Amino acid sequence: MDSSSQQNEPENPGHVEQNAVADALATMHRRMADQDARIKEQMNEIRNLRQQLQQQGGEGNERVACTSFMLKKGARHWWAMVKMTRDVTVMTWADFFKEFNQKYYNSAILRAQQDEFLNLKQGNMTMIEAVNKFEQLSRLCPFMVRTEEDRLKRMMDMFRPDIALAIESGRSLPTTVASCVERAVRIEYRMAQVKE
């Protein structure tokens with residue numbers, strides 16, 4: 001067969017499906033990697049800033065002025081909002097540290113994130129959206145999914161019942177989050193094809 005006759009042959013439907021699933025997984029992995037990098041950068045920034053705050057020398061407002069000068073990105077935006085609502089020229093170091101901790105280490109927000117993670121359901125989200133949300137929340141609550149088995153169980157609880165049932169009715173259960181996601185994306189793709 002010459003190359004022109006190969007180009008005119010219709011593609012194998014299974015091959016098209018595999019390409020679509022592979023493309024969806026690649027897109028999801030890129031988004032998760034980008035989101036991971038942003039979250040890690042922000043968490044490192046906050047961790048470093050907190051250490052600098054604790055080690056910062058100086059007296060009262062001098063310490064606040066010096067530290068606020070070192071703020072970057074999100075923390076700089078937060079500081080701009082604080083300056084609009086308070087007279088920071090008289091702010092004490094204890095006040096600054098309290099404000100900073102309330103913003104970045106708020107126990108109520110942590111509890112809300114834990115609740116959101118525990119109650120996360122796929123609902124109307126696509127598989128990729130649901131997995132991205134799962135990954136985002138699991139990074140904020142790592143103690144809730146310490147092992148691969150914990151992550152897998154929590155993820156299966158998150159899926160829509162029809163998708164979870166299809167995964168569980170397979171020849172064998174997935175043993176990793178990656179294999180579970182891959183299977184779920186394929187199932188979602190097949191279900192969408194059936195609806196068409």
Side-chain angles (χ1 to χ4, degrees), residues 24-160 177-178 181:
L25 285 172
T27 300
M28 180 182 67
H29 286 295
R30 276 193 304 277
R31 286 182 183 158
M32 287 169 48
D34 290 347
Q35 191 175 28
D36 251 357
R38 286 192 301 273
I39 289 172
K40 283 180 184 175
E41 183 180 339
Q42 289 172 348
M43 292 306 289
N44 284 336
E45 177 185 333
I46 291 167
R47 201 173 294 115
N48 291 340
L49 223 111
R50 195 161 197 224
Q51 288 172 350
Q52 288 173 359
L53 293 176
Q54 290 170 338
Q55 295 170 356
Q56 189 69 31
E59 296 293 324
N61 191 263
E62 291 174 5
R63 197 173 183 187
V64 171
C66 182
T67 302
S68 65
F69 180 74
M70 293 187 300
L71 298 175
K72 298 176 187 173
K73 298 181 183 177
R76 187 175 291 273
H77 295 294
W78 161 77
W79 182 244
M81 295 301 294
V82 170
K83 289 189 329 188
M84 286 193 279
T85 59
R86 293 196 50 182
D87 181 6
V88 297
T89 61
V90 294
M91 181 181 273
T92 66
W93 175 249
D95 291 340
F96 178 87
F97 201 70
K98 181 180 173 187
E99 291 263 346
F100 184 84
N101 283 331
Q102 283 177 339
K103 171 64 178 174
Y104 290 105
Y105 294 95
N106 186 318
S107 61
I109 291 173
L110 179 60
R111 266 193 308 279
Q113 289 168 339
Q114 290 170 356
D115 289 346
E116 184 180 4
F117 186 56
L118 285 174
N119 297 312
L120 180 63
K121 298 293 180 195
Q122 181 181 359
N124 292 330
M125 290 186 279
T126 66
M127 186 56 59
I128 290 173
E129 292 167 341
V131 170
N132 283 339
K133 186 69 173 175
F134 177 90
E135 291 298 332
Q136 175 190 8
L137 291 172
S138 70
R139 281 190 291 280
L140 298 171
C141 307
F143 52 89
M144 298 177 87
V145 283
R146 287 192 169 117
T147 66
E148 186 79 0
E149 186 178 333
D150 292 342
R151 290 174 57 79
L152 192 56
K153 182 181 179 332
R154 181 66 211 110
M155 184 172 280
M156 288 293 291
D157 290 344
M158 173 201 64
F159 291 149
R160 287 193 322 256
V177 170
V181 169

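Treat the numbers as computed from the prediction; the structure is a model and nothing was measured.
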For this session: Determine which pairs satisfy ring-ring contact (aromatic ring centres under 6.0 Å, His included) with at least one residue from residues 115-134, sequence neighbours left out, and list them in order.
Result: Phe117-Phe134

For this session: Report the C-alpha separation of Thr92 and Phe96 in whole Å, then their side-chain angles, then the decisive distance to 0.1 Å, and conclude whether the side chain to side chain contact (heavy atoms under 4.5 Å, CB included) test is met.
Result: CA-CA 6 Å; Thr92 66; Phe96 178 87; over 6 Å; no

Problem set entry | Ion pair Lys153/Asp157, N-O distance below 4.0 Å | yes

Seminar exercise, completed: Between the CE atom in Met127 and the CZ atom in Phe159, the distance rounded to the nearest 0.5 Å is 4.5 Å

Problem set entry | Residues which pass side chain to side chain donor-acceptor pair (under 3.5 Å) with Asp87, listed by chain and number, not counting sequence neighbours | Thr89

Exercise. About how many Å separate CD of Glu116 and CG of Leu120, when rounded to the nearest 0.5 Å?
Worked result: 7.0 Å

Problem set entry | Close aromatic pair by centroid cut-off 6.0 Å: Phe100 and Trp79 | no

Exercise. Any donor-acceptor pair under 3.5 Å linking the side chain of Gln122 with the backbone of Arg160?
Worked result: yes

Problem set entry | Asp95 side chain to Met91 backbone, donor-acceptor under 3.5 Å | no

Problem set entry | Inter-residue atom distance Met155.CE - Glu148.CD, 0.5 Å rounding | 9.0 Å

For this session: Answer yes or no: is there a donor N or O on one side and an acceptor on the other, between the side chain of Glu129 and the main chain of Thr126, under 3.5 Å?
Result: yes

For this session: State, to 0.1 Å, how close Leu137 and Gln113 come at their nearest heavy-atom pair, and which atoms those are.
Result: CD2-O, 4.2 Å

Problem set entry | Rounded distance [0.5 Å steps], CE in Met158 versus CZ in Arg151 | 10.5 Å

Problem set entry | Backbone N/O of Val145 and side chain of Arg154: donor-acceptor pair under 3.5 Å | no

